[in-house]
S.K.: 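Can you keep this structure in mind? I'll have questions shortly.
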Amino acid sequence: MSNLTRSPAWLALSSHQSIICQKTMREMFRADVSRFDKFSLRLDGLLFDYSKNLISTETLSLLLDLARQSGINAWIERQFTGEKINTSEQRAVLHTALRNPPGHSVQVDGKDIMPDVHRVLEHIRRFTDAVRSGQAVGYTGKKIRHVVNIGIGGSALGPLMACEALKPYAAADLTAHFVSNVDASDIAETLKRIDPETTLFIVSSKTFTTQETLANARTARAWLIEHLGAEAAVAQHFAAVSTNLEATSKFGINPENVFEFWDWVGGRYSLWSAIGLPIALYVGMDNFQRLLAGAHAMDEHFRSAPLEKNMPVILGMLGIWYGNFFGVGSYAILPYDQYLQHFPAYLQQLEMESNGKRVDRNGNVVNYDTHFTVWGEPGTNGQHSFYQLIHQGTRMVPTDFLAPLSSHNPIGDHHTMLLSNCFAQTEALMLGKTEDEARAELKTQGLTDEAIAALLPYKVFPGNRPSNTLLFEKLDPYTLGMLIALYEQKIFVQSVVWNINAFDQWGVEFGKQLASKLLPELQSKELVTSHDCSTNNLINLFRNRQR
Ligand code: G6Q
């Protein structure tokens, strides 16, 4: 059994929690007008306000003791220097190397990987410049206007999120599409919206064996050949991104259009690699490199800032505080920026696939909670949906609010209204509404004492609900890079404290295995009897329908 929950830092936090949980943030803010200065950090135009948390300076210091006890500084160095910290797959974890500017050297198995990283970036630049300028055209000589990414999970969610987030920087004559699901409706609906003569398909798959991606790629290939009347058209309309160059060539993709990456890039950490090709095509290579630069700035901060001033460390330790000492199981990501609409779904994979683990680095089942369920929607849509639960539900849901100070679309009062909602929500979650305040409010509405007494319980808000606010100038490529890297490293910090491997994904591999095992049975002519009676019946119902 792990010693974590019996360690001095853990025990100190447990007893401290019993004191803090009797306090309210309302009192804490009243007692200390410098709370915002004490509990906020800035980096390159990004403000991280974590003052609306159930913490005191002592809490923070105890949380940082726990981080220190877990050896966080040494783990950060292990990550950045290419140690094989993904032990169950015997791999280094070097998405950080992908955003290094020239002049760095990072060794994997005795080889400096940086020349390869920059060679592939140059390849992406040449390709994207050619496509965007119209120098590289489709089979019939027309300019490419549609880019369709065919990939799933880590080979889709990052590019999808980033293309949406950076839409204001996109080429006006390009549309980005994403096909992931093996459900034919996904590709069918996309094919209806594109023109074969002006479409570039990018088949993105680290392994190039993923069932969904290969099925969609085959369908796209057949559609293209059918419409353009020649197999030769594939060379000008297909590119691939993979670590499996043998499989891409077998699929028939022109080797010049194949972009390589390496096993030390995890799928969900891969948007910085050639998996980001759709982003580079959509917003241009200079903007893609600004995205990398923003992430690199966050990496440098993470690696060098003292723990007390380290954004990913503090964000991560606040999660540990609520997850392990308040029993919180989920938290919400609430972007007040429409362009960040896919950010919660992106973080859902990043966090849940990384830290959804029950066995520690020594192979022992843990006796403490790891991971959170991550969810969210852009504000203000969420306010008219699930905020009810956050304000008045029985369980505490910590929240991260993200908002830009200025909008890409400064129309009328929209942005002021948007931010007034954002700030009002964080304040209300913290303050709540007491019985006295609710009663006074009802009185001003002219209600009778009897009506007030009946309504009062419903009108009270407990408050004391924690939130972080991440405020930035504008959602530009550099800022987006910083934000993504902030969350990547925050997840890493938590995995270090929990002593789990954030970089493998055996649950995903399990799913891939299951899908290929059952497929022949669905296609079989024989009655299937080898499973439990529920699964047998489901399979046989489908088989009977197919006849
Ligand atoms: C990410 C996961 C997973 C993976 C997909 C696609 O970290 O490993 O989401 O990205 O299963 O895999 P391929 O890129 O190999 O097709």
Side-chain angles (χ1 to χ4, degrees), residues 79 85-96 98 120 148-162 178-183 186-187 201-221 238-251 253 258-279 342 344-357 371 374 484-485 487-489 491-492 495 500-517 519:
Q79 183 198 151
I85 58 173
N86 176 358
T87 42
S88 70
E89 295 184 298
Q90 268 307 301
R91 286 176 183 168
V93 174
L94 280 172
H95 46 281
T96 53
L98 298 166
V120 173
V148 181
N149 188 78
I150 299 180
I152 196 163
S155 298
L157 288 163
L160 166 69
M161 176 277 290
F178 291 85
V179 174
S180 299
N181 202 333
V182 76
D183 183 338
D186 197 2
I187 188 141
F201 292 98
I202 304 174
V203 187
S204 282
S205 174
K206 181 171 171 178
T207 53
F208 225 80
T209 56
T210 305
Q211 188 196 57
E212 294 89 334
T213 300
L214 293 187
N216 281 321
R218 280 191 294 268
T219 300
R221 192 176 189 276
F238 270 79
V241 184
S242 186
T243 56
N244 187 349
L245 303 189
E246 207 183 309
T248 58
S249 107
K250 251 194 207 145
F251 191 86
I253 295 177
V258 176
F259 297 82
E260 134 191 47
F261 70 116
W262 309 273
D263 72 359
W264 41 261
V265 184
R268 56 195 172 278
Y269 296 88
S270 65
L271 74 87
W272 322 100
S273 71
I275 290 288
L277 181 64
I279 311 170
H342 298 307
Y346 168 76
L347 289 186
Q348 205 166 62
Q349 180 196 27
L350 193 66
E351 177 137 356
M352 292 164 73
E353 204 171 304
S354 296
N355 285 347
K357 313 281 164 69
H371 71 75
V374 182
I484 303 169
Y487 280 97
E488 284 179 347
Q489 300 298 10
I491 291 165
F492 176 62
S495 76
I500 54 175
N501 178 359
F503 303 106
D504 58 9
Q505 55 284 313
W506 297 107
V508 180
E509 314 298 337
F510 184 49
K512 290 185 184 181
Q513 220 177 22
L514 295 177
S516 51
K517 196 170 146 226
L519 183 63

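Just so we're clear, the structure is a prediction, and the values are computed from it rather than from any experiment. The basis for the numbers below is simple: all heavy atoms, side chains too, and nothing from hydrogens, waters or symmetry mates. In listed order, ligands and their atoms are each counted from 1.
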S.K.: K206 and G267: which non-hydrogen atoms are nearest, and at how many Å?
M.R.: NZ-N, 4.2 Å
S.K.: Any luck finding a side-chain donor-acceptor pair between S204 and N149 under 3.5 Å?
M.R.: yes
S.K.: Where on Q505 is there a heavy atom closer than 4.0 Å to ligand 1, on the side chain, on the backbone, on both, or on neither?
M.R.: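 The answer is the side chain of Q505.
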S.K.: With a cut-off of 4.0 Å, which atoms of ligand 1 are near a heavy atom of T210?
M.R.: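 Contacts of ligand 1 toward T210, numbered from 1: 12 (O), 13 (P), 15 (O), 16 (O).
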S.K.: Starting from atom 15 (O) of ligand 1, which protein heavy atom do you reach first, and at what distance in Å?
M.R.: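 The answer is T207 OG1, 2.6 Å.
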S.K.: Which heavy atom of the protein is the closest neighbour of atom 2 (C) of ligand 1, given with residue, atom name and distance?
M.R.: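 Protein heavy atom with the smallest distance to atom 2 (C) of ligand 1: E353 OE2, 2.6 Å.
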S.K.: Looking only at distance, does S205 have an N or O less than 3.5 Å from an N or O of ligand 1?
M.R.: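 Yes, there is a polar N/O contact under 3.5 Å.
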S.K.: Out of curiosity, I187 CD1 to I150 CD1, how far, rounded to the nearest 0.5 Å?
M.R.: 4.5 Å
S.K.: When the ring planes of F208 and F251 are compared, do they come out parallel, tilted or perpendicular, using 30° and 60° as the limits?
M.R.: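 If you compare the ring of F208 with that of F251, the planes turn out perpendicular.
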S.K.: Between I85 and F503, what is the shortest heavy-atom contact and its length?
M.R.: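 What the structure gives for the nearest pair is CD1-CE1, 3.9 Å.
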S.K.: If you have a sec, work out which protein heavy atom is nearest atom 11 (O) of ligand 1 and how many Å separate them, to one decimal?
M.R.: K512 NZ, 3.0 Å
S.K.: Give a yes/no on ligand 1: does Q349 have at least one heavy atom closer than 4.0 angstrom to it?
M.R.: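 Under 4.0 Å: yes for Q349.
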S.K.: Tell me, which protein residue and heavy-atom name are nearest atom 5 (C) of ligand 1, and how many Å apart are they?
M.R.: I152 O, 3.5 Å
S.K.: If you measure every N/O of K206 against every N/O of ligand 1, is any gap under 3.5 Å?
M.R.: yes
S.K.: Apply side-chain contact (heavy atoms from CB on, under 4.5 Å) to D263 and E89, showing your working.
M.R.: CA-CA 10 Å; D263 72 359; E89 295 184 298; over 6 Å; no
S.K.: How far is atom 10 (O) of ligand 1 from the closest protein heavy atom, and which atom is that?
M.R.: G154 N, 2.9 Å
S.K.: Taking all heavy atoms of A274 and all of E260, pick out the closest pair and write down the distance.
M.R.: CB-O, 3.9 Å
